[in-house]
Amino acid sequence: MEKISKQRKDYLNWDQYFMGIAKLSAMRSKDPSTQVGACIVGNDKRILSIGYNGTPNGYEDDLFPWDREGKPLDTKYLYVCHAEMNAILNYRGNRKELENATVYVDLFPCNECAKIIIQSGIKEVVYLCDKYAETDSVIASKKLFDTCGVKYRKIELSGKEIKLDL
């Protein structure tokens, strides 16, 4: 007897779903030039935590310098918490559950986030964009990941649009 499937064909696969959550989280960022989101997922396909790039808790966003250029103290770089850092720090469960988890991020992690990812026990990074691949920070990240056994892979989500009506 032949089975007749009535299941939808246009549903999101796991990578699309978790990267969609990361992209949605990025929409919370108040950074005018770069919005990044992160979604940490356990081996059981359960979302453990999310984060986005922004100011630390208690730091008023309108007092924060969002400039990309100028003296270091007058730019965002010394103050911003990256999405990966926020996702790891936002996690409220047993830290053991982060071991062997996967983090989905818009942008390949910097070296500082790479160290935090490694220390947390996350074993895979799935990313969309590696536009800073030639920078020392990302080269260092890849060296750290390679040496410490953290896999990373780029996914292509072109052609998939997710529309939310709120």
Side-chain angles (χ1 to χ4, degrees), residues 11-31 33-59 61 64 66 68 75-160 162 164:
Y11 63 91
L12 299 175
N13 68 34
W14 286 118
D15 280 345
Q16 293 167 332
Y17 176 68
F18 296 129
M19 190 58 77
I21 299 292
K23 297 284 286 175
L24 184 62
S25 298
M27 294 176 75
R28 284 280 310 138
S29 175
K30 295 179 182 173
D31 188 323
S33 60
T34 306
Q35 300 82 44
V36 179
C39 178
I40 302 173
V41 180
N43 290 333
D44 60 355
K45 304 290 188 212
R46 185 171 52 92
I47 295 173
L48 300 175
S49 188
I50 57 174
Y52 57 88
N53 61 313
T55 59
N57 293 337
Y59 199 101
D61 293 325
F64 188 78
W66 291 106
R68 294 176 57 148
T75 68
K76 64 183 179 176
Y77 299 109
L78 295 179
Y79 307 100
V80 72
C81 294
H82 288 181
E84 304 92 327
M85 176 193 294
N86 271 331
I88 291 166
L89 293 174
N90 286 340
Y91 182 62
R92 296 291 185 242
N94 181 337
R95 291 276 185 204
K96 195 88 172 140
E97 291 179 22
L98 290 178
E99 291 179 9
N100 300 311
T102 299
V103 62
Y104 286 80
V105 292
D106 297 49
L107 192 56
F108 198 91
C110 72
N111 64 301
E112 293 300 319
C113 288
K115 292 184 277 187
I116 294 168
I117 288 166
I118 292 163
Q119 288 299 95
S120 73
I122 292 171
K123 290 297 183 189
E124 184 176 22
V125 175
V126 180
Y127 65 96
L128 279 177
C129 178
D130 194 7
K131 70 179 177 180
Y132 300 112
E134 302 303 318
T135 65
D136 289 344
S137 175
V138 171
I139 292 168
S141 294
K142 291 176 182 174
K143 284 183 180 181
L144 285 162
F145 288 153
D146 291 341
T147 301
C148 298
V150 174
K151 297 183 297 183
Y152 48 93
R153 64 183 169 94
K154 180 179 169 95
I155 60 171
E156 298 292 335
L157 297 181
S158 59
K160 190 70 169 181
I162 300 171
L164 298 174

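Sequential numbering from 1 along the given sequence is applied to the chain's residues. All values derive from a computational prediction rather than experimental measurement.
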Could you tell me if the side chain of Y79 sits less than 4.5 Å from the side chain of T55, heavy atoms only? no
Which atoms form the tightest heavy-atom contact between A38 and V105, and what is the distance? CB-CG1, 3.7 Å
Would you give the length of the straight line joining atom CE of M19 to atom CG of N13, rounded to the nearest 0.5 angstrom? 11.0 Å
To the nearest 0.5 Å, how far apart are CE in M85 and CG in L89? 6.5 Å
As a quick check of understanding, evaluate side chain to side chain contact (heavy atoms under 4.5 Å, CB included) for Y91 and I40, giving each step before the final call. CA-CA 9 Å; Y91 182 62; I40 302 173; 5.7 Å; no
Quick one, R153 and E124 - any side-chain contact, counting heavy atoms below 4.5 Å? yes
May I ask you to decide if N111's main-chain N or O and S137's side chain share a donor-acceptor pair within less than 3.5 Å? yes
Could you tell me the separation between the OG1 atom of T34 and the CG atom of D106, rounded to the nearest 0.5 Å? 10.0 Å
Does G54 offer a backbone N or O that forms a donor-acceptor pair with the side chain of S29 under 3.5 Å? no
Taking side chain as C-beta onward, heavy atoms only, is L144 less than 4.5 Å from K115? yes
Inspect the contact between K76 and D31 and indicate whether a charged nitrogen and a carboxylate oxygen are less than 4.0 angstrom apart. yes
Euclidean distance, T135 OG1 relative to F108 CZ, rounded to 0.5 Å: 10.0 Å
Is K154 atom NZ crowded by more than 12 heavy atoms from other residues, nucleotides or ligands, each under 6.0 Å away? yes
CZ/F64: more than 12 non-hydrogen atoms of other groups inside 6.0 Å: yes
Run the numbers on H82 and I88 for side chain to side chain contact (heavy atoms under 4.5 Å, CB included), then give the verdict. CA-CA 10 Å; H82 288 181; I88 291 166; over 6 Å; no
Going from CD on E84 to CG on L107, what distance comes out if it is rounded to the nearest 0.5 angstrom? 7.5 Å
Are any side-chain N or O atoms of S49 and backbone N or O atoms of A87, one a donor and one an acceptor, separated by less than 3.5 Å? yes
Is there a side-chain contact between V125 and F145 (heavy atoms, below 4.5 Å)? yes
On a heavy-atom basis, which atom in K123 and which in G149 lie closest, and how many Å separate them? CD-O, 3.9 Å
Test item: R28 and I50 side chains (from C-beta on) under 4.5 Å apart, heavy atoms: no
CG (N94) with more than 12 external heavy atoms under 6.0 Å: yes
Would you say K23 has more than 12 foreign heavy atoms packed within less than 6.0 Å of its NZ? no
Sub-4.5 Å side-chain heavy-atom contact between Y104 and V41: yes
Y52 backbone acceptor or donor facing S25 side chain under 3.5 Å: no
Neighbour count >12 (heavy atoms, 6.0 Å) for atom CD, Q119: no
Chi angles and distances behind the side chain to side chain contact (heavy atoms under 4.5 Å, CB included) call for Y17, I47: CA-CA 11 Å; Y17 176 68; I47 295 173; 4.2 Å; yes
Any residue meeting ring pair (Phe, Tyr, Trp, His ring centres under 6.0 Å) with Y132, in chain and number order, not counting sequence neighbours: none
Of the options L128, N53, V80, which is the one that meets V36 in a side-chain contact (heavy atoms from CB on, under 4.5 Å)? N53
Is it the case that atom OH in Y77 sees more than 12 heavy atoms from other parts of the structure closer than 6.0 Å? yes
Does CG in D44 sit with more than 12 non-hydrogen atoms of other residues, nucleotides or ligands closer than 6.0 Å? yes
Using 30° and 60° as the class boundaries, would you call the ring planes of F18 and W14 parallel, tilted or perpendicular? parallel
So CG of N86 and CD1 of I116: to nearest 0.5 Å the spacing works out to 9.5 Å
